[in-house]
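These notes concern the structure reproduced below.
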Amino acid sequence: MGGEQAPGERAPGDRTARGRILAAAERLFAERGFDHSSTALIAAEARVPQGLIFYHFKTKMELLLAVVREDQATLLDGLLPAAAPDAGPGDQGLRQAVAELWQHLSAVLGEPSPVRKIIIQELAAHPEIRLRALELHEQMSALVARYLAQASQHPGDPLPEHEAAARLLTIAAGMAPLLGEPSLSLIPPGALARLISDGLQPRRTAGAGR
């Protein structure tokens with residue numbers, strides 16, 4: 001059953017019934033909400049028997065969490081710029097790295113997505129989704145903090161300054177879709193890069209002499 005092949009709709013190469021169930025659940029949860037999307041409706045949308053949903057997912061909540069988890073994995077994979085931050089000496093390299101990071105985060109997090117709409121809709125009603133959202137923010141912040149530590153030539157684990165800057169950047173980039181404005185219009189990369197790099201510079205200089 002798990003290996004059934006049929007024309008898919010979720011993504012190129014995803015032709016499994018499981019993929020169609022996830023795609024249908026994502027669409028319906030975003031459009032109608034979790035509580036108003038029955039498994040019968042999801043099965044009809046996915047063109048599968050209703051029982052197949054419970055073969056792949058024990059409960060409707062498990063299905064919702066799978067939808068969120070798959071989106072989060074894709075998001076984390078592409079969260080940072082493909083190129084490593086410039087580790088050259090001086091403030092200019094750090095500022096450039098921060099500006100490029102902000103531009104990339106704005107592109108990745110600045111576009112509304114069905115799954116982020118689902119998370120916002122279901123946060124208050126379902127603690128499981130709130131927990132997933134908090135976990136995602138922690139994971140994103142950790143990745144960005146390590147990027148900033150590398151960009152500021154700090155050896156070892158990120159400092160509190162890197163972690164604070166990472167949280168600010170990810171929150172700001174993610175808020176832009178709710179405000180209906182592009183992140184780069186709300187916060188220009190150059191100004192943000194000067195602000196962040198100046199905040200990281202004192203500890204970077206102190207650490208370089210150790």
Side-chain angles (χ1 to χ4, degrees), residues 9-12 14 22-23 25-34 64-86 92-126 129-152 158 161-200:
E9 298 176 359
R10 184 169 178 78
D14 185 358
L22 286 167
E26 179 181 306
R27 286 194 297 271
L28 290 170
F29 291 158
E31 293 170 5
R32 301 168 61 95
F34 175 75
L64 172 58
L65 292 174
V67 168
V68 172
R69 186 165 53 247
E70 291 212 351
D71 182 76
Q72 289 179 347
T74 301
L75 178 63
L76 290 171
D77 283 343
L79 185 67
L80 298 178
D86 183 3
Q92 198 57 41
L94 176 56
R95 289 182 181 179
Q96 181 64 29
V98 174
E100 290 175 359
L101 173 64
W102 176 240
Q103 291 171 328
H104 189 80
L105 288 175
S106 297
V108 173
L109 301 178
E111 291 294 329
S113 77
V115 174
R116 267 171 271 167
K117 180 182 178 183
I118 293 168
I119 290 172
I120 292 169
Q121 289 174 169
E122 308 301 337
L123 271 175
H126 300 287
I129 299 303
R130 182 174 182 275
L131 180 60
R132 287 287 181 189
L134 289 172
E135 288 175 351
L136 176 61
H137 178 64
E138 290 298 324
Q139 291 171 321
M140 290 193 300
S141 296
L143 289 172
V144 174
R146 286 197 292 270
Y147 180 96
L148 292 172
Q150 182 180 351
S152 59
E161 290 90 334
H162 300 125
E163 294 171 353
R167 291 180 185 278
L168 288 172
L169 290 168
T170 52
I171 290 172
M175 282 293 293
L178 302 180
L179 300 175
E181 292 288 337
S183 302
L184 300 182
S185 298
L186 291 170
I187 309 177
L192 180 68
R194 286 191 296 274
L195 176 66
I196 296 293
S197 62
D198 287 351
L200 298 179

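For this chain, numbers begin at 1 and follow the sequence in order.
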For [X], give me all partners under salt bridge (charged side-chain N to carboxylate O under 4.0 Å, His left out), at least two apart in sequence or on another chain.
X: Glu31; result: none
X: Arg146; result: none
X: Arg69; result: none

Which ring-ring contact (aromatic ring centres under 6.0 Å, His included) pairs, counting each pair once, include a residue from residues 171-195, with sequence neighbours left out? none

ring-ring contact (aromatic ring centres under 6.0 Å, His included) contacts in which one or both residues fall within residues 162-193, not counting sequence neighbours: His154-His162

Given side chains that start at C-beta, do those of [X] and [Y] come closer than 4.5 Å, heavy atoms only?
X: Val98; Y: Leu195; result: no
X: Asp71; Y: Ile119; result: no
X: Val115; Y: Leu75; result: no

Output all residues satisfying side chain to side chain donor-acceptor pair (under 3.5 Å) with Glu138, sequence neighbours left out; order by chain, then residue number. Arg167

Check side chain to side chain donor-acceptor pair (under 3.5 Å) between Arg116 and all other residues, then give those that pass, not counting sequence neighbours.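 Applying side chain to side chain donor-acceptor pair (under 3.5 Å) to Arg116 gives Ser113.
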
If only side-chain N and O atoms count, and only distance matters, is there a donor-acceptor pair under 3.5 Å linking Gln96 with Glu100?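 Judged by distance alone, the side chains do pair up.
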
So, taking the atom named [atom1] in [X] and the one named [atom2] in [Y], what distance separates them when rounded to the nearest 0.5 Å?
X: Glu70; Y: Gln72; atom1: CD; atom2: CD; value: 11.0 Å
X: Gln103; Y: Leu192; atom1: CD; atom2: CG; value: 10.0 Å
X: Leu109; Y: Leu169; atom1: CG; atom2: CG; value: 10.0 Å
X: Leu64; Y: Ile129; atom1: CG; atom2: CD1; value: 3.5 Å

What pair of heavy atoms forms the shortest contact from [X] to [Y], and how long is it?
X: Leu76; Y: Gln139; answer: CD1-OE1, 3.4 Å
X: Gly199; Y: Glu161; answer: O-CG, 4.3 Å
X: Pro114; Y: Ala30; answer: O-CB, 3.9 Å
X: Leu22; Y: Ala66; answer: CD2-CB, 3.9 Å
X: Ala193; Y: Ser197; answer: O-OG, 2.7 Å
X: Ala166; Y: Ala145; answer: CB-N, 3.5 Å

Could you work out, with side-chain contact (heavy atoms from CB on, under 4.5 Å) as the rule, every residue matching [X], not counting sequence neighbours?
X: Ala164; value: none
X: Ala25; value: Phe29, Ile42, Leu63, Val67
X: Thr170; value: His137, Met140, Ser141, Val144

Given the rule in the side chain to side chain contact (heavy atoms under 4.5 Å, CB included) test, do Leu101 and Leu148 qualify, once you have shown the distances and angles that lead to the verdict? CA-CA 9 Å; Leu101 173 64; Leu148 292 172; 3.8 Å; yes

For His126, ring pair (Phe, Tyr, Trp, His ring centres under 6.0 Å) partners two or more places apart: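 Once residues adjacent in sequence are excluded, the partners of His126 under the ring pair (Phe, Tyr, Trp, His ring centres under 6.0 Å) criterion are Phe34.
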
Using a 3.5 Å distance criterion without hydrogens, assess whether the side chain of Trp102 forms a donor-acceptor pair with backbone atoms of Ile187.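 Pair found, side chain donor or acceptor close to backbone of Ile187.
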
